[in-house]
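Just follow the structure's listing: the first ligand is 1, and inside any ligand the first atom is 1. In this chain, numbering begins with 1 at the start of the sequence shown.
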Amino acid sequence: MGLLDGKRLLVTGVITDQSIAFAVARFAQEQGATVVLTGFGRLSLVERVAKRLPDPPPVIELDVTDTEQLDSLAERVRAHVDGLDGVLHSIGNAPATALGGNFLNTTWDDVSRAVHVSTYSYKALAMATLPLLAPGSAIVGLTFDATVAWPVYDWMGVAKAGLESTNRYLASYLGPKGIRVNLVSAGPLRTMAAKSIPGFEEFENTWPARAPLGWELTDHEPTAKACVALMSDLFPATTGEIIHVDGGFHATGA
Ligand SMILES: NC(=O)c1ccc[n+]([C@@H]2O[C@H](COP(=O)([O-])OP(=O)(O)OC[C@H]3O[C@@H](n4cnc5c(N)ncnc54)[C@H](O)[C@@H]3O)[C@@H](O)[C@H]2O)c1
């Protein structure tokens, strides 16, 4: 018996086999789920990476800033599955000028791109998949603790604060439809998105030393397990929540 036996998931955000979404797709399949992936831009690359999953899933195109692609998403997903029980939002991006210590000089144009892709897209993806979601289904996203200001994270931190608030609003608007909406707040993991943040090494040095449980920068499994648990039937009365998978770092003050 798997945690996700009979469940159908839409997983966004795979670009390499180091993507958090890849670890979620793998663990979800191991737990019995049928998975459909979305890919952004380099579709042939995503298709190649998808072949490394236990059961290579179909890949459909989705740029979360493209209204036409969002509008046709439900229909394109229906070509593969007749509905969805879970949706993973594992998407984030900010222009280089919005990160790495340039906070005071970032233009609105660059901030708005970060917020469009990393924050508003959570609501956009939820609405695009809503026709496929029945009561009991779940939407899960990924955040990086936005309750404090971090070094170098800059406008991505502001975008994540917005994402955490969007999570609460989505939970309150979709709760009456029986749809749960939750975030996993992960510690730093070595992925393509992480490498694009100038100064990311600062997190890499402090996290493993300060987290009470320790922290492995290359172990995506704990984060993937939390995402899968939230999309399973194990959290039927939990929504608008942010579950930390960070080795306990957020609970320390030293
Ligand atoms: N790596 C970390 O340390 C860490 C920690 C906490 C939270 N997160 C979050 O996890 C999520 C996944 O990131 P990751 O670390 O696995 O990196 P990643 O680079 O593997 O994934 C980011 C994904 O966002 C996608 N994307 C970017 N712009 C898009 C667009 N316009 N439309 C659709 N997709 C788009 C990329 O194609 C990529 O697949 C992000 O929300 C990130 O902020 C990451």
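- Hydrophobic cluster membership differs between Val111 and Leu163, with clusters built from Ile, Leu, Val, Met, Phe, Trp and Tyr side chains linked at under 4.5 angstrom.
- Between Arg190 and Glu204, at least one side-chain nitrogen of the basic residue sits less than 4.0 Å from a carboxylate oxygen of the acidic one, meeting the salt-bridge criterion.
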Let's go through Trp150 and Phe144 carefully: what are the C-alpha distance in whole Å and the side-chain angles of both, what is the deciding distance for side chain to side chain contact (heavy atoms under 4.5 Å, CB included) to 0.1 Å, and is it a yes or a no? CA-CA 10 Å; Trp150 298 104; Phe144 188 72; 3.6 Å; yes
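- The pair Lys7-Asp233 meets the salt-bridge criterion, since a charged nitrogen lies less than 4.0 angstrom from a carboxylate oxygen.
- If you chain together ILVMFWY residues whose side-chain heavy atoms come under 4.5 Å of each other, Tyr173 ends up grouped with Tyr169.
- Ring-centre distance between Phe103 and Trp155: below the 6.0 Å cut-off.
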Under 3.5 Å: N or O atoms of ligand 1 paired with protein N or O:
| unit_1 | atom_1 | unit_2 | atom_2 | d |
| --- | --- | --- | --- | --- |
| ligand 1 | 1 (N) | Leu189 | O | 3.0 |
| ligand 1 | 1 (N) | Thr191 | OG1 | 3.2 |
| ligand 1 | 3 (O) | Leu189 | N | 2.7 |
| ligand 1 | 3 (O) | Leu189 | O | 3.3 |
| ligand 1 | 15 (O) | Thr191 | OG1 | 2.6 |
| ligand 1 | 16 (O) | Ile20 | N | 2.9 |
| ligand 1 | 17 (O) | Thr191 | OG1 | 3.2 |
| ligand 1 | 19 (O) | Ala193 | N | 2.9 |
| ligand 1 | 20 (O) | Ser19 | OG | 2.6 |
| ligand 1 | 31 (N) | Asp63 | OD1 | 3.0 |
| ligand 1 | 32 (N) | Val64 | N | 2.9 |
| ligand 1 | 39 (O) | Gly13 | O | 2.8 |
| ligand 1 | 41 (O) | Ile91 | O | 3.1 |
| ligand 1 | 41 (O) | Lys160 | NZ | 2.9 |
| ligand 1 | 43 (O) | Lys160 | NZ | 2.8 |

